[in-house]
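One structure below.
Order of appearance sets the numbers: ligands from 1, and atoms from 1 within every ligand.
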Amino acid sequence: MRVDVVSIFPEYFAPLGLSLLGKARAESRLELAVHDLRTWTHDVHRTVDDTPYGGGAGMVMRPEPWGEALDALADGRTRLVVPAPTGRLFTQDLAHELAAEEHLLFACGRYEGIDQRVLDHAAGRMPVTEVSLGDYVLFGGEVAVLVMLEAITRLLPGVLGNSASLDEESHANGLLEAPMYTKPAVWRELEVPEILRSGDHGKIARWRRDQALLRTAARRPDLVAALDPATLDKKDRAT
Ligand SMILES: NC(=O)c1ccno1
């Protein structure tokens, strides 16, 4: 997978050299390049914004630099992703969808956002997806791209040491995962649930499934409501 990120604050992406993301890059599972939008400005002040038509507070990012940036970076494989509060909610399903793309081009808006014509013009030549991390507003798209990149690249083959983790974690099956424990068996008088130390893998699996259902029902009833009934067995229904 190739990823290009365009921002007026490319330094936000320095952490991308760390941890698994850095490993994915080092092992060529991920080609990543970060670009300064001002590269595509031509005035002495390297202007990227101006006042909004129709009035209103703040500034809007001008279309010209973005147009030139997309001209330079997009090709026939590109999917443009624009982090914005107005976007489609970012979920594990969307992370999987984006992880299957050949080329992701992230456009980090700032101020009040990017002139709408940039997205409209881009939509004539590539898929464009505005994506929101949630119902809140950030200073810009950079932090949202960091979050999305971590969620996406950990799904790429070979990036996680043990890909089985992907099958058991939260949202892998529509539920939150069960609580996890490790040694010592007793810590500050708190014991690891006996069932987890029983060695009975069938009972352990059932306990974890029950805990996942109970935890999800308590914290995210919306996820329970969205479950496909066909994925629930009789024991699930009894939980
Ligand atoms: N909610 C978001 O994802 C977002 C992106 C930029 N500002 O807010």
Side-chain angles (χ1 to χ4, degrees), residues 1 3-16 18-21 30 32-41 47-67 69-70 73-74 78-101 103-123 126-156 169-171 176 219-220 222-223 226:
M1 168 185 280
V3 172
D4 286 288
V5 183
V6 181
S7 166
I8 59 171
F9 294 115
E11 57 274 18
Y12 253 91
F13 297 95
L16 292 182
L18 307 176
S19 184
L20 286 174
L21 223 45
L30 174 70
L32 174 71
V34 181
H35 310 270
D36 185 339
L37 177 67
R38 297 186 197 275
T39 303
W40 291 281
T41 61
T47 307
V48 293
D49 64 318
D50 207 328
T51 54
Y53 275 116
M59 303 291 274
V60 176
M61 300 192 93
R62 293 172 60 99
E64 302 95 328
W66 280 111
L70 299 189
L73 298 172
T78 304
R79 179 167 180 174
L80 178 63
V81 180
V82 184
T86 52
R88 170 181 168 190
L89 187 63
F90 187 64
T91 63
Q92 191 71 359
D93 285 347
L94 182 50
H96 277 285
E97 186 182 313
L98 296 176
E101 295 288 349
H103 181 215
L104 294 177
L105 175 51
F106 287 94
C108 297
R110 277 272 152 170
Y111 316 117
E112 299 307 312
I114 301 172
D115 186 300
Q116 182 59 41
R117 291 169 293 178
V118 173
L119 282 69
D120 295 346
H121 184 269
M126 70 190 86
V128 178
T129 310
E130 288 183 74
V131 180
S132 172
L133 295 189
D135 296 337
Y136 45 81
V137 182
L138 304 170
F139 280 118
E142 287 80 6
V143 169
V145 170
L146 284 170
V147 168
M148 286 191 266
L149 275 178
E150 182 152 321
I152 292 164
T153 53
R154 67 190 295 278
L155 300 175
L156 297 178
E169 62 190 11
S170 292
H171 305 292
L176 304 181
R219 298 177 184 179
R220 291 292 305 276
D222 59 302
L223 293 180

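In terms of the side-chain hydrogen bond (donor to acceptor under 3.5 Å, both in side chains) criterion, residue partners of Asp222 (sequence neighbours excluded) are, by chain and number, Arg220. Taking Asp49 as the reference, nothing meets the salt bridge (charged side-chain N to carboxylate O under 4.0 Å, His left out) condition, with sequence neighbours excluded.
If you take CZ on Arg62 and CZ on Arg117, they are separated by 9.5 Å, rounding to the nearest 0.5 Å.
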Starting from the N and O atoms of ligand 1, find every protein N or O within less than 3.5 Å and list the pair with its distance.
from     : atom 1 : to     : atom 2 : distance (Å)
ligand 1 : 1 (N)  : Ser132 : OG     : 3.3
ligand 1 : 1 (N)  : Gly134 : O      : 3.2
ligand 1 : 1 (N)  : Tyr136 : O      : 2.8
ligand 1 : 3 (O)  : Leu133 : N      : 2.7
ligand 1 : 7 (N)  : Leu138 : N      : 3.2
ligand 1 : 8 (O)  : Leu138 : N      : 3.1

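Side chains of Val3 and Ile152 form no contact here, defined as non-hydrogen atoms less than 4.5 Å apart.
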Contacts under 3.5 angstrom, residues 136-149 side chains, donor-acceptor by atom type, not counting sequence neighbours:
from   : atom 1 : to     : atom 2 : distance (Å)
Glu142 : OE1    : Arg110 : NE     : 2.9
Glu142 : OE1    : Arg110 : NH2    : 2.9
Glu142 : OE2    : Ser7   : OG     : 2.6

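Side chains of Asp4 and His103: a donor on one and an acceptor on the other come within 3.5 Å.
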